[in-house]
Amino acid sequence: MAHVVTPLDQPSSYKDSQARVDRQKQNELLAKSSTLYVGNLSFYTTEEQIYELFSKCTTPEEGGGIKRIIMGLDRNTRTPCGFCFVEYYTHAEAMACLRYVSGSKLDERIIRCDIDLGYREGRQFGRGKSGGQVRDEHRADYDPGRGGWGAQAQRLEIERRREVEERYADAQEGPGAVAGGGGEWKEAEGAVETTLKRGRSPDEEGDRRGEARARLEETDHDAERM
């Protein structure tokens with residue numbers, strides 16, 4: 001029956017792709033490691049919150065306790081990106097927290113813990129293309145605790161908005177576009193029509209008056225005949 005229940009204090013089958021050790025050497029190092037990897041953290045979880053939770057299985061009176069906490073950071077923005085390393089003074093404390101803390105809730109999120117080979121400089125940065133963790137690159141669901149949509153979904157949305165803005169700009173500047181300032185355009189059109197009208201000469205004005213006088217006389221003659 002012992003094989004039915006999965007032990008809670010056993011490391012996962014995960015192997016760091018950047019670790020230059022084989023599987024056998026890795027198992028030997030994990031059997032002595034006092035470092036935990038903690039994942040699925042909220043971007044807003046603080047180091048103080050992590051310390052409070054992960055110190056519950058420590059024994060400071062026996063010379064143990066948490067040695068340090070290394071927060072995982074986005075490679076570009078240097079802001080938390082959802083993981084950390086917790087270093088203990090003893091292997092027994094790391095295994096106790098792996099057994100009792102992994103799978104518990106922190107900031108309303110179920111956190112995951114794994115025994116780690118040990119922290120090295122540079123491992124605090126995310127390995128995703130956008131600077132964060134790889135798992136957040138391909139995430140298609142909305143997670144408010146981890147930056148909203150996944151990095152790929154955010155890039156697609158940015159590209160879509162850029163295309164819409166470029167299409168709108170082309171419509172404003174292309175052939176057949178309606179220029180702004182309709183009132184000014186109408187005033188300019190009226191000014192052009194005014195300048196196109198030719199002024200009348202004095203002779204033309206005299207002819208117009210003679211024609212009007214002749215029509216008036218004809219009207220008077222017609223009135224007398226009636």
Side-chain angles (χ1 to χ4, degrees), residues 12-20 35-54 68-87 101-114 116-192:
S12 70
S13 59
Y14 170 78
K15 186 180 186 300
D16 187 357
S17 60
Q18 296 185 0
R20 300 294 186 265
T35 302
L36 285 182
Y37 171 86
V38 184
N40 201 39
L41 291 172
S42 167
F43 289 0
Y44 307 102
T45 298
T46 65
E47 185 175 334
E48 289 76 13
Q49 290 174 289
I50 297 170
Y51 185 90
E52 181 181 1
L53 177 62
F54 282 85
R68 64 173 176 167
I69 296 174
I70 302 98
M71 299 294 292
L73 303 175
D74 186 291
R75 188 174 61 254
N76 299 325
T77 62
R78 296 299 195 268
T79 56
C81 64
F83 72 99
C84 75
F85 297 93
V86 181
E87 289 187 351
V101 177
S102 183
S104 61
K105 274 192 173 184
L106 179 60
D107 259 359
E108 298 302 318
R109 302 182 67 86
I110 297 177
I111 59 175
R112 299 187 301 269
C113 303
D114 199 5
D116 190 79
L117 292 176
Y119 171 76
R120 299 188 312 277
E121 186 61 33
R123 290 192 66 197
Q124 74 270 35
F125 299 120
R127 298 176 182 177
K129 293 181 180 179
S130 63
Q133 288 192 274
V134 175
R135 60 172 295 214
D136 290 317
E137 290 283 330
H138 307 283
R139 180 165 46 78
D141 61 320
Y142 184 83
D143 190 339
R146 295 183 69 89
W149 297 105
Q152 288 188 357
Q154 292 184 26
R155 282 197 294 269
L156 291 175
E157 178 62 19
I158 292 173
E159 291 176 2
R160 187 190 67 80
R161 291 183 180 179
R162 185 181 297 115
E163 290 177 358
V164 171
E165 291 175 355
E166 291 175 354
R167 195 178 304 119
Y168 179 77
D170 292 341
Q172 292 296 311
E173 300 174 0
V178 178
E184 296 179 358
W185 177 76
K186 290 180 180 179
E187 292 176 1
E189 184 184 31
V192 172

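The first residue in the sequence is number 1, and the count goes up from there.
If you take CG on L73 and OG1 on T79, they are separated by 7.5 Å, rounding to the nearest 0.5 Å. Summarising the geometry, atom CG belonging to L117 is positioned 13.5 Å from atom OH belonging to Y37; distances are rounded to the nearest 0.5 Å. One finds the CG atom of N40 at 11.5 Å from the NZ atom of K105 (value rounded to the nearest 0.5 Å).
Listed here is the closest heavy atom pair of S102 and C113: OG-N, 3.1 Å. Across every non-hydrogen atom of C84 and V86, the tightest pair is SG-CG2, 4.0 Å. Looking at every heavy atom in both residues, V134 comes nearest to H138 through O-CD2, 3.6 Å. Heavy-atom minimum distance, T35 versus G118: OG1-CA, 4.0 Å.
Q49 CD: more than 12 foreign heavy atoms inside a 6.0 Å radius.
Counting heavy atoms from C-beta on, the side chains of I70 and R123 never come closer than 4.5 Å. For the pair F54/V101, a side-chain contact is recorded, criterion being any heavy-atom separation below 4.5 Å from C-beta on. Counting heavy atoms from C-beta on, the side chains of I50 and L41 come closer than 4.5 Å. Residues F125 and R78 have side chains in contact (heavy-atom distance under 4.5 Å, counting atoms from C-beta outward). With contacts defined as side-chain heavy-atom distances shorter than 4.5 Å, the pair I111/L53 qualifies.
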Query - Test log, rule side chain to side chain contact (heavy atoms under 4.5 Å, CB included), inputs Y51 and I69 - result: CA-CA 8 Å; Y51 185 90; I69 296 174; 3.8 Å; yes

Report task. Please test Y119 against Q124 for side chain to side chain contact (heavy atoms under 4.5 Å, CB included), starting from the C-alpha separation and ending with a verdict. Result -> CA-CA 8 Å; Y119 171 76; Q124 74 270 35; 2.8 Å; yes

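Ionic pairing of R135 and D143 is not present here: no N-O contact between side-chain nitrogen and carboxylate oxygen is shorter than 4.0 angstrom.
Residues forming a side-chain hydrogen bond (donor to acceptor under 3.5 Å, both in side chains) with R160 (at least two apart in sequence, or on another chain): E157.
Each of R75, R146, M71, Q133 was evaluated against C81; a single residue qualifies, Q133, per the side chain to side chain contact (heavy atoms under 4.5 Å, CB included) test.
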